[in-house]
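What follows is a set of notes on a single structure, which appears directly below.
Just so you know, residue 1 is the first one in the sequence shown, and it goes up from there. We count ligands from 1, going down the list as the structure has it; atoms in each ligand are counted the same way.
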Amino acid sequence: MSRVGILTCGGDCPGLNAAIRAVTRKLIISYDYEVLGIKNGYNGLIEGDVQPLSLYSVSGVLPRGGTILGTSRKNPLQIKNGKEAILENLNRFEIDSLVVIGSKSAIETANVLSRSGVRTVCIPGTIDNDIPGTDFTIGFDTAVTIATRAIDMVHTTAESHHRIIVVELMGYDTGWIATYAGLAGGADCILIPEVKFTLDETAALLKKRHKRRKFSIVVVAEGAIPDDVKDFRALSSKTDALGNSYVGSIGEFVGVELAKRTGMETRVTTLGYLQRGGSPSVPDRILATRLGVAAADKIKNKEFSVMVGVVGDKIATTPIDKVTGQVKKVNLEMFDAASTFFG
Ligand code: F6P
């Protein structure tokens, strides 16, 4: 009987459990395969930490956030003999193919393993939506919904206090969440890594707006860096209570700089891990389930070294070596539409 391993790797996101459930159910019910859950990303393959998945063990997980398998950002290829340990354990547990659900780096690792003969199928799961080969990644819609709600909520306090409120959103080095949530929440300015901006221009835009409306909401993606700041990292470097230095958030930096340049009272809200938390939205449940079923079909059809995604309303299949080494950048037509409402 064929035995398939499933793992989740990279930052968790809502919808991972829905995907695990879909892969498991489809493989067991339609194809009579055995399924093993691998714990904590690739770590479980290095340490031999695996457990059987049954119809019972994936029952009830569809609406649950996080991942029942646990996750990790550890890159096994940077661990001494990491790849060898993985290959050995795949052999030991008689796992003949692997479903990897996760971020860009998880898929990059899958690509290296597949070159060493591991039969892999990948599913894109990250709130960042930065993986090529799919219009949307699992978790993105939920993050946008949470971020939009936050932007709605800070409007009232910004308006009451006549303040600028800077809302910092995740996205790693892309501005997908910021663009979608900023557009949906009616942000007065959105700052993303894909579109050049300066603090001076941003301040001028807000000052002009201030003549008409006495508050503003500025959405900034965590990876955005102003063009007129020569060395953001040096300027924003901070020291924690233990004396370790770290890079301060772009949100805090932009907040301080905009206050200086506009003379307006400014506050910053960093949404952080709230964006990755809780139950998946309806679109994420549907996407995760469709991609899980599609991944199980790929395994059955022995179509390996691919990632399943969704393009338009169809399932799309992309070789994983075409997905790696690239970042899917924000759709600029959408950003332009959002920018119509700036100021
Ligand atoms: O999951 C992706 C992401 O949310 C990025 O947007 C963010 O930079 C990163 O995770 C931070 O997560 P962690 O602290 O788990 O590395």
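Residue Tyr172 approaches ligand 1 through these ligand atoms, each under 4.0 Å from one of its heavy atoms: 6 (O), 8 (O).
Among Asp128, Asn129, Ile127, the residue whose heavy atom lies nearest to atom 2 (C) of ligand 1 is Asp128.
Here the heavy atom of the protein found nearest to atom 4 (O) of ligand 1 is Met170 SD, 3.1 Å. Protein heavy atom at the shortest distance from atom 11 (C) of ligand 1 is Arg276 NH1, 3.6 Å. Here the protein heavy atom with the shortest distance to atom 14 (O) of ligand 1 is Tyr273 OH, 2.4 Å. Closest protein heavy atom to atom 9 (C) of ligand 1: Arg73 NH2, 3.4 Å. With respect to atom 7 (C) of ligand 1, the closest heavy atom belonging to the protein is Glu222 OE2, 3.2 Å.
Between Ile138 and Leu16, the shortest heavy-atom distance links the atoms CG2-N, 4.2 Å.
Considering backbone and side-chain atoms alike, Gly171 places an N or O below 3.5 Å from some N or O of ligand 1.
In this structure, the side chain of Ser57 does not engage the main chain of Leu53 through any donor-acceptor pair within 3.5 Å. Side-chain N or O atoms of Asp227 include none that pairs as donor or acceptor with a backbone N or O of Thr198 at under 3.5 Å.
A side-chain donor-acceptor contact under 3.5 Å links Arg285 and Ser279. With no hydrogens or angles considered, no side-chain donor-acceptor pair links Tyr180 and Asp141 at under 3.5 Å.
Residues Tyr42 and Val100 meet the side-chain proximity criterion, which asks for heavy atoms closer than 4.5 Å.
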